[in-house]
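Keep in mind that what you see is a predicted model, and the values were worked out from it rather than measured. Note: hydrogens, waters and symmetry copies are ignored here, and every other heavy atom, side chains too, is used.
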Amino acid sequence: MIESALQLYRAERLSRDMIAAHALFPEVERRIWPYLSSVHGVTPRLSRLKASHRKGLMTHALFALALQRDSGDPLSGLTATRFIEIVMQVGAASRNTAAAFLSELLAYKFLQDAEGVTDRRVRVLILTDTSLKAMRTWFHGHLECLDLLDGGNRLALAKADDRIFFESQPIIARALLADEEWRVPRETINHFLGSDMGGLILHDLISRMPDHANADARYLLGPVSLTRLGDSYLVSSTNLKRMFKKAESEGLLGWEQARRRGNLWLSRDFVADYFHWQAAKFEAVNNAFIEVCNQLGIEEQAPEQTSNAA
């Protein structure tokens, strides 16, 4: 007798340690790169405003405020006062830095004034289509990578129901802002992440990485030119050399030949610390996805399975 059953299942709760240790996590890091680089290619100004870790934290905070705007309350949502309060509360930036960040986003038309605000003392800001598209791309990319780890169906569900994106992002933001391991990266990678475009440059390097280290506990990336990296991300050679020099002096990365020639290598400790930091983010995304699907009554649907019984 032939039986077929349609099984319903929910996404797994994946801890950051499980994610970082997963055999497919190097492939996950390679797969997320096209999503991030596509944002840079289409809107380089937007990517520059979030490519340092500090700006990334601020970006998540302002998106969360903007997406939680209540249509019935014209004064709700993203205001400079609310944004600066959150940023300073978690130590992401000073008052002046946070205010300047908002001004940049307005100048580049990634934010705009909300309509229907009658109180002239309050300036409520909303997201433009360009910035929403970029954050949605970021969210979908991370869901696809999580699907790779456990064969899930997150991306298809999110594309079919955009409420998942709108409800998940504020939850992700709260989790990341509250997570000290995410807010304060380990010292091995922190000097990259503290620099403008340093986050994208790190992603670029990791995207070139093989699955396994060699006999010297090094991951060989192939030839990497600082000049070409600088041209790609509009970073001065001085800033790039400063990023790499500290890591080189501490034995975290280097080139096989003198004068930065030959293959670039990353140390096992450097990669392990970077994976641990990234896994904290994937954990937050996955937990938010599960929470929102539970709230909305959405379940993942497994493929139809057929089995033979005697």
Between Ser267 and Tyr219, is any pair of side-chain heavy atoms under 4.5 Å apart? no
Are the side chain of Asp147 and the backbone of Arg154 linked by a donor-acceptor contact shorter than 3.5 Å? yes
Test salt bridge (Lys or Arg N to Asp or Glu O under 4.0 Å) on Asp179 and Lys281; report intermediate values, then the result. CA-CA 9 Å; Asp179 188 343; Lys281 175 187 59 175; over 6 Å; no
Less than 4.5 Å apart, any side-chain heavy atom of Leu127 and any of Phe110? no
Distance-only, no hydrogens or angles: does the His53 side chain make a donor-acceptor pair with backbone N or O of Gly199 under 3.5 Å? no
What pairs with Glu256 under side-chain hydrogen bond (donor to acceptor under 3.5 Å, both in side chains), at least two apart in sequence or on another chain? Asn263
Applying side chain to side chain contact (heavy atoms under 4.5 Å, CB included), name anything that partners Asp129, two or more places apart in sequence or on another chain. none
Identify each donor-acceptor pair in which a side-chain atom of residues 203-216 lies under 3.5 Å from a protein atom, sequence neighbours left out, and give them as a table.
unit_1: His203; atom_1: ND1; unit_2: Tyr274; atom_2: OH; d: 3.0
unit_1: Asp204; atom_1: OD1; unit_2: Arg208; atom_2: NE; d: 2.7
unit_1: Asp204; atom_1: OD1; unit_2: Arg208; atom_2: NH2; d: 2.9
unit_1: Asp204; atom_1: OD2; unit_2: Tyr233; atom_2: OH; d: 2.6
unit_1: Ser207; atom_1: OG; unit_2: Asp204; atom_2: O; d: 2.6
unit_1: Asp211; atom_1: OD1; unit_2: Arg30; atom_2: NH1; d: 3.2
unit_1: Asp211; atom_1: OD1; unit_2: Arg30; atom_2: NH2; d: 2.6
unit_1: Asn214; atom_1: OD1; unit_2: Asp216; atom_2: N; d: 2.9
unit_1: Asn214; atom_1: OD1; unit_2: Ala217; atom_2: N; d: 3.3
unit_1: Asn214; atom_1: OD1; unit_2: Arg218; atom_2: N; d: 3.0

Is there side-chain contact between Phe192 and Pro185, with at least one heavy-atom pair below 4.5 Å? no
Aromatic rings Phe83 and Phe101: how do their planes relate, parallel, tilted or perpendicular, breaks at 30° and 60°? parallel
Clusters formed by hydrophobic residues whose side-chain heavy atoms approach within less than 4.5 Å: which one holds Leu220, and what are its other members? Trp265
Identify, with sequence neighbours excluded, every residue that meets side chain to side chain contact (heavy atoms under 4.5 Å, CB included) alongside Asp17. Ser15, His276
Applying side chain to side chain donor-acceptor pair (under 3.5 Å), which residue pairs with at least one partner in residues 64-92 are found, sequence neighbours left out? Gln68-Arg174
When rounded to the nearest 0.5 angstrom, what distance separates CG in Leu143 from CG in Asn286? 8.5 Å
Taking side chain to side chain contact (heavy atoms under 4.5 Å, CB included) as the test, write out the residues that go with Lys159, two or more places apart. His140, Leu155
For Asp119 and Arg123, what are the C-alpha separation, side-chain angles and deciding distance, and is it a salt bridge (Lys or Arg N to Asp or Glu O under 4.0 Å)? CA-CA 8 Å; Asp119 189 339; Arg123 188 180 188 184; over 6 Å; no
Within residues 151-175 or reaching into it, pairs that qualify as ring-ring contact (aromatic ring centres under 6.0 Å, His included) - sequence neighbours excluded: Phe139-Phe165
Check side chain to side chain contact (heavy atoms under 4.5 Å, CB included) between Leu296 and all other residues, then give those that pass, not counting sequence neighbours. Arg163, Ile164, Val292, Ile298
Glu144: which residues meet the salt bridge (Lys or Arg N to Asp or Glu O under 4.0 Å) condition with it, sequence neighbours left out? Arg31
Sorted by chain and residue number, the salt bridge (Lys or Arg N to Asp or Glu O under 4.0 Å) partners of Glu248 (sequence neighbours excluded) come out as Arg260
Donor-acceptor pair, Ser94 side chain versus Thr97 backbone, under 3.5 Å? yes
Quick check on ring-ring contact (aromatic ring centres under 6.0 Å, His included): which of Trp277, Trp182, Phe25 does Phe282 satisfy it with? Phe25
Pair listing, side chain to side chain donor-acceptor pair (under 3.5 Å) test, anchored in residues 236-247, at least two apart: Ser236-Asn239, Asn239-Arg242, Lys246-Glu250
Any heavy-atom pair between the side chains of Thr59 and Met135 that's under 4.5 Å? yes
Side chain of Gln169, backbone of His60: donor and acceptor closer than 3.5 Å? yes
